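Remember, predicted model here, so these are calculated numbers, not experimental data. Both backbone and side-chain heavy atoms feed into the values below; hydrogens, waters and symmetry mates do not.
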Amino acid sequence: MTALCEELLRSPGLGSLLGRLQEVYAEEQRRREEFRQSVTEGEKAEFINGEVVVHSPVRLSHSLVSQALFTLLRAHVLAHGLGVVGHEKLMVSLTRNDYEPDVCFFSTEKAAGFEPHQMRFPAPDFVAEILSPSTEARDRGVKMEDYAAHGVAEYWLLEPEEQVLEQYLLSGETYHLNVRSSTGTVTSTAVPGFVIPIPALFDERENLQTLRVLVEGAR
């Protein structure tokens with residue numbers, strides 16, 4: 001991002017470029033507001049770089065992994081009063097784009113001002129996306145770049161078919177891969193104390209056992 005700004009600042013055509021960018025951005029924001037007014041609770045849709053992206057129904061494997069992570073993360077966050085966990089239909093509104101992450105977490109500090117009827121939310125502290133053939137390019141591309149630019153401290157990508165977790169941690173303005181594995185444990189840096197076996201994200205019995213450990217450990 002910084003390199004791009006420096007390149008533009010050196011350009012002799014900066015004035016005309018700036019005018020054109022402002023026109024394009026204004027039109028894009030007009031369409032973005034139309035999207036916000038028209039999107040319904042019954043559909044999963046996002047506004048990404050000027051385009052409305054409507055998602056098709058997910059595969060069962062996608063849904064099960066999403067539920068597995070949400071169940072464990074929510075249990076831990078509730079037990080320790082750490083903040084708010086969002087799932088599937090909660091809309092995160094960044095500078096340019098509107099996303100609906102599969103799972104996300106807001107710390108107590110960020111969630112302090114949330115209202116019951118609120119429908120758009122700031123950048124979370126943690127985001128997880130479940131990969132699918134139709135979304136992987138965006139999850140690894142524009143979303144990863146956007147979340148990093150807005151300070152999302154931790155980003156997980158989960159592959160249901162291969163049963164692999166990738167944990168990315170923010171360093172400066174970019175993510176670096178910290179863990180890529182289907183075995184062992186993963187320790188979150190954005191969610192204090194959240195340590196789980198990676199197989200618990202993909203195996204129902206392992207998930208239930210881990211949930212019991214999280215609940216009993218909070219007593």
If only atom types and distance count, is the side chain of His55 paired as donor or acceptor with the main-chain N or O of Glu43 below 3.5 Å?
no
More than 12 heavy atoms of other residues, nucleotides or ligands under 6.0 Å from CZ of Arg74: is that the case?
no
Grab the two heavy atoms, one from Ala45 and one from Val39, that are nearest each other, plus how far apart they are.
CB-CG2, 4.0 Å
Side-chain donor-acceptor pair under 3.5 Å between Glu33 and Gln37, yes or no?
yes
Glu129/Arg138 salt bridge by N-O under 4.0 Å criterion:
no
Compare every heavy atom of Val84 with every heavy atom of Phe114, then report the nearest pair and how far apart it is.
CD1-CG2, 4.5 Å
Side chains of Arg36 and Ser93 in contact at under 4.5 Å (non-hydrogen atoms)
yes
For Glu154 and Ala190, indicate whether the former's side chain and the latter's backbone hold a donor-acceptor pair under 3.5 Å.
yes
Smallest separation among heavy atoms of Val65 and Phe202, with atom names:
CG2-CD2, 3.7 Å
Any chain of hydrophobic side-chain contacts (each under 4.5 Å) joining Leu214 to Val191?
yes
Say you draw a straight line from CG of Leu158 to OG of Ser182; how long is it, rounded to the nearest 0.5 Å?
12.0 Å
For the residue pair Gln163 and Asp203, establish whether any side-chain heavy-atom pair is separated by less than 4.5 Å.
no
Would you compute the distance between atom CG of Asp125 and atom OG1 of Thr189 and round it to the nearest 0.5 angstrom?
10.0 Å
Between Glu27 and Arg31, is a salt bridge (charged side-chain N to carboxylate O under 4.0 Å, His left out) present by the stated rule, with each step listed?
CA-CA 6 Å; Glu27 171 60 21; Arg31 295 198 306 273; 3.6 Å; yes
Working to the nearest 0.5 angstrom, can you tell me the gap between Ser181 OG and Gln167 CD?
11.0 Å
Side chains of Gln67 and His87, donor plus acceptor under 3.5 Å
no
Does some side-chain heavy atom of Asn97 sit less than 4.5 Å from a side-chain heavy atom of Asn49?
yes
Minimum heavy-atom separation for His62 to Ser132, with atom names?
CD2-CB, 4.5 Å
Taking only residues two or more places apart in sequence or in another chain, which ones pass salt bridge (charged side-chain N to carboxylate O under 4.0 Å, His left out) with Arg180?
Glu162, Glu166
From OH (Tyr168) to OG1 (Thr174), nearest 0.5 Å
12.0 Å
When rounded to the nearest 0.5 Å, the distance separating CZ of Phe70 from CG of Leu201 is 14.0 Å
Given Phe105, Tyr147, Tyr99, the one that forms ring-ring contact (aromatic ring centres under 6.0 Å, His included) with Tyr155
Tyr147
Among the clusters formed by ILVMFWY side chains lying less than 4.5 Å apart, do Leu82 and Val186 turn up in the same one?
yes
Is the shortest side-chain heavy-atom distance between Lys143 and Ile48 below 4.5 Å?
yes
Indicate yes or no: does Asp98 engage Arg120 in a salt bridge with an N to O separation below 4.0 Å.
no
Side-chain heavy atoms nearer than 4.5 Å, only ILVMFWY residues, links allowed to pass through others: does that put Val85 and Val195 together?
no
In one Ile/Leu/Val/Met/Phe/Trp/Tyr side-chain cluster, 4.5 Å: Ile196, Val179:
yes
Below 4.5 Å, heavy atoms only, C-beta onward: do Pro133 and Arg59 meet side chain to side chain?
yes
Is any side-chain heavy atom of Asn207 closer than 4.5 Å to a side-chain heavy atom of Leu72?
yes
Indicate yes or no for a side-chain donor-acceptor contact from Glu115 to the backbone of His117 under 3.5 Å, with no hydrogens or angles considered.
no
What are the two closest non-hydrogen atoms of Ile130 and Asp102, and how far apart are they?
N-OD2, 2.7 Å
Would you say Arg140 has more than 12 foreign heavy atoms packed within less than 6.0 Å of its CZ?
yes
Aromatic contact between Phe194 and Phe126, with the criterion being ring centroids under 6.0 Å apart: yes or no?
no
Examine Leu73 and Leu78 and state if one hydrophobic cluster contains both, with Ile, Leu, Val, Met, Phe, Trp and Tyr joined whenever side-chain heavy atoms are less than 4.5 Å apart.
no
Leu64/Glu204 under side chain to side chain contact (heavy atoms under 4.5 Å, CB included): CA gap, chis, key distance, verdict
CA-CA 9 Å; Leu64 292 176; Glu204 290 184 341; 4.0 Å; yes
Run the side chain to side chain donor-acceptor pair (under 3.5 Å) test against Asp139 and tell me which residues pass, sequence neighbours left out.
Thr135
Please confirm whether the backbone N or O of Glu100 pairs with a side-chain atom of Lys44, one donor and one acceptor, at under 3.5 Å?
yes
Carboxylate-amine/guanidinium proximity below 4.0 Å for Arg212 and Glu216
no
Supply the atom-to-atom distance Leu131 CG to Glu159 CD, rounded to the nearest 0.5 angstrom.
5.5 Å
Check ion pair Glu34-Arg30 (N to O, under 4.0 angstrom)
yes
Taking all heavy atoms of Met119 and all of Met91, pick out the closest pair and write down the distance.
O-CB, 3.7 Å
For the residue pair Val92 and His150, establish whether any side-chain heavy-atom pair is separated by less than 4.5 Å.
no
